Amino acid sequence: MKAFVKFLAVVTVLAVLFAGYVVWAADASVSYQGYQVESALDRSDAFNGVISAARSGGDSVVCYDISNIGAAEQYEFVTYTVKISNRDVLPLEWIDIQLTSQTGDVLMVKPTISDVPAFNQSLVSFSLLVDRNAASGYQRSATLTY
């Protein structure tokens, strides 16, 4: 019986040490990689696709103002890229990006990535459709949750 108690004590100590390591080593970082601006007219298929997805209530699109959508030449796609580094033993799951919208923002196409494996990194891109006449620049703040 004493051997079993000692075994359980060792297993408990190892489990507590592992849990402490997971909490202590939990580290993820996000670094901004830049943005790219493209005319929606040059990407008319993507423009039509995201507008129809927004009108049908698709999960891949966050709508800000699609009430008075005009022709593709009035809009631009701004694609932002961030690098997420996961230096933890656990994967980052259910990644979501919330963008602080500004005047002229029409909709955001969410990134397709949802997880970053343990001890790994991933580039994440998401696109913002903006009205080129109302846009007040391309800098936005975003919140990443996981």
Side-chain angles (χ1 to χ4, degrees), residues 7-146:
F7 173 75
L8 284 179
V10 168
V11 168
T12 302
V13 167
L14 289 175
V16 167
L17 287 174
F18 180 73
Y21 171 75
V22 168
V23 170
W24 175 74
D27 186 28
S29 65
V30 178
S31 61
Y32 175 68
Q33 301 295 303
Y35 68 89
Q36 178 181 4
V37 180
E38 298 174 276
S39 170
L41 186 59
D42 294 341
R43 296 181 54 195
S44 60
D45 289 342
F47 176 78
N48 293 330
V50 296
I51 295 302
S52 65
R55 288 185 175 145
S56 67
D59 290 345
S60 64
V61 177
V62 175
C63 298
Y64 300 120
D65 182 18
I66 64 164
S67 57
N68 298 319
I69 286 292
E73 58 265 1
Q74 296 174 297
Y75 301 96
E76 295 176 327
F77 281 105
V78 183
T79 303
Y80 299 92
T81 304
V82 295
K83 180 170 66 172
I84 303 172
S85 300
N86 181 12
R87 293 181 290 270
D88 194 1
V89 296
L90 300 174
L92 301 178
E93 298 176 331
W94 304 303
I95 292 173
D96 188 36
I97 294 177
Q98 301 295 323
L99 193 67
T100 303
S101 65
Q102 294 182 4
T103 303
D105 293 353
V106 178
L107 57 84
M108 180 183 78
V109 181
K110 289 184 177 182
T112 55
I113 187 170
S114 61
D115 297 338
V116 177
F119 301 112
N120 213 324
Q121 60 187 7
S122 293
L123 287 176
V124 177
S125 295
F126 56 96
S127 294
L128 182 66
L129 182 66
V130 299
D131 183 336
R132 72 174 46 192
N133 298 323
S136 58
Y138 302 118
Q139 294 184 354
R140 303 288 187 274
S141 61
T143 303
L144 182 127
T145 57
Y146 59 92

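Remember, predicted model here, so these are calculated numbers, not experimental data. For this chain, numbers begin at 1 and follow the sequence in order.
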Checklist entry - Hey, are the side chains of Phe77 and Asp42 touching, using non-hydrogen atoms and a 4.5 Å cut-off? => result no
Next on the checklist: To check you understand the geometry: which heavy-atom pair defines the closest contact between Ala40 and Ala72, and what is its length?
Outcome noted: CB-O, 3.4 Å
Checklist outcome for this item: For Ser56 and Ala53, the nearest pair of non-hydrogen atoms, with its separation, is OG-O, 3.2 Å
Item to check | Pairs meeting criterion salt bridge (Lys or Arg N to Asp or Glu O under 4.0 Å) with involvement of residues 77-90, two or more places apart | outcome: Asp27-Arg87
Item to check | Interatomic spacing from CG in Asn86 to CD1 in Ile95 - rounded to 0.5 Å | outcome: 8.0 Å
Checklist entry - Roughly how far, to the nearest 0.5 Å, is CZ of Arg140 from CD1 of Ile97? => result 14.5 Å
Item to check | Interatomic distance, Ser141 atom OG to Gln102 atom CD [nearest 0.5 angstrom] | outcome: 7.5 Å
Checklist entry - If you round to the nearest 0.5 Å, how far is CG of Leu17 from CG of Leu14? => result 6.5 Å
Checklist entry - What are the two closest heavy atoms between Tyr146 and Ala28, and how far apart are they? => result OH-CB, 4.0 Å
Next on the checklist: Any heavy-atom pair between the side chains of Ile84 and Leu92 that's under 4.5 Å?
Outcome noted: yes
Next on the checklist: Among residues at least two apart in sequence or on other chains, which ones pass side-chain contact (heavy atoms from CB on, under 4.5 Å) with Phe119?
Outcome noted: Tyr21, Val89
Next on the checklist: Give me the atom names and distance for the closest heavy-atom approach of Gly70 to Phe47.
Outcome noted: O-CZ, 3.8 Å
Next on the checklist: As an exercise, state the distance from CG of Leu129 to OG1 of Thr79, rounded to the nearest 0.5 Å.
Outcome noted: 10.5 Å
Next on the checklist: Please enumerate all residues that pass side-chain hydrogen bond (donor to acceptor under 3.5 Å, both in side chains) together with Gln98, with sequence neighbours excluded.
Outcome noted: Asp96
Item to check | side chain to side chain donor-acceptor pair (under 3.5 Å) contacts touching residues 117-126 (sequence neighbours left out) | outcome: Thr81-Ser125, Ser85-Gln121
Exercise answer: donor-acceptor pairs, residues 106-116 side-chain atoms, under 3.5 Å, sequence neighbours excluded:
unit_1: Asp115; atom_1: OD1; unit_2: Trp94; atom_2: N; d: 3.3

Checklist entry - Do other residues, nucleotides or ligands put more than 12 heavy atoms under 6.0 Å from Phe7 CZ? => result no
Checklist entry - Any side chain to side chain donor-acceptor pair (under 3.5 Å) pairs touching residues 57-74, not counting sequence neighbours? => result Asp65-Ser67
Checklist entry - Which atoms form the tightest heavy-atom contact between Val78 and Val130, and what is the distance? => result CG2-CG2, 4.0 Å
Checklist entry - Around atom CD of Glu93, are there more than 12 heavy atoms of other residues, nucleotides or ligands at under 6.0 Å? => result yes
Item to check | Chi angles and distances behind the side-chain contact (heavy atoms from CB on, under 4.5 Å) call for Leu128, Tyr138 | outcome: CA-CA 9 Å; Leu128 182 66; Tyr138 302 118; over 6 Å; no
Checklist entry - Do the non-hydrogen side-chain atoms of Arg132 and Ser39 ever get within less than 4.5 Å of each other? => result yes
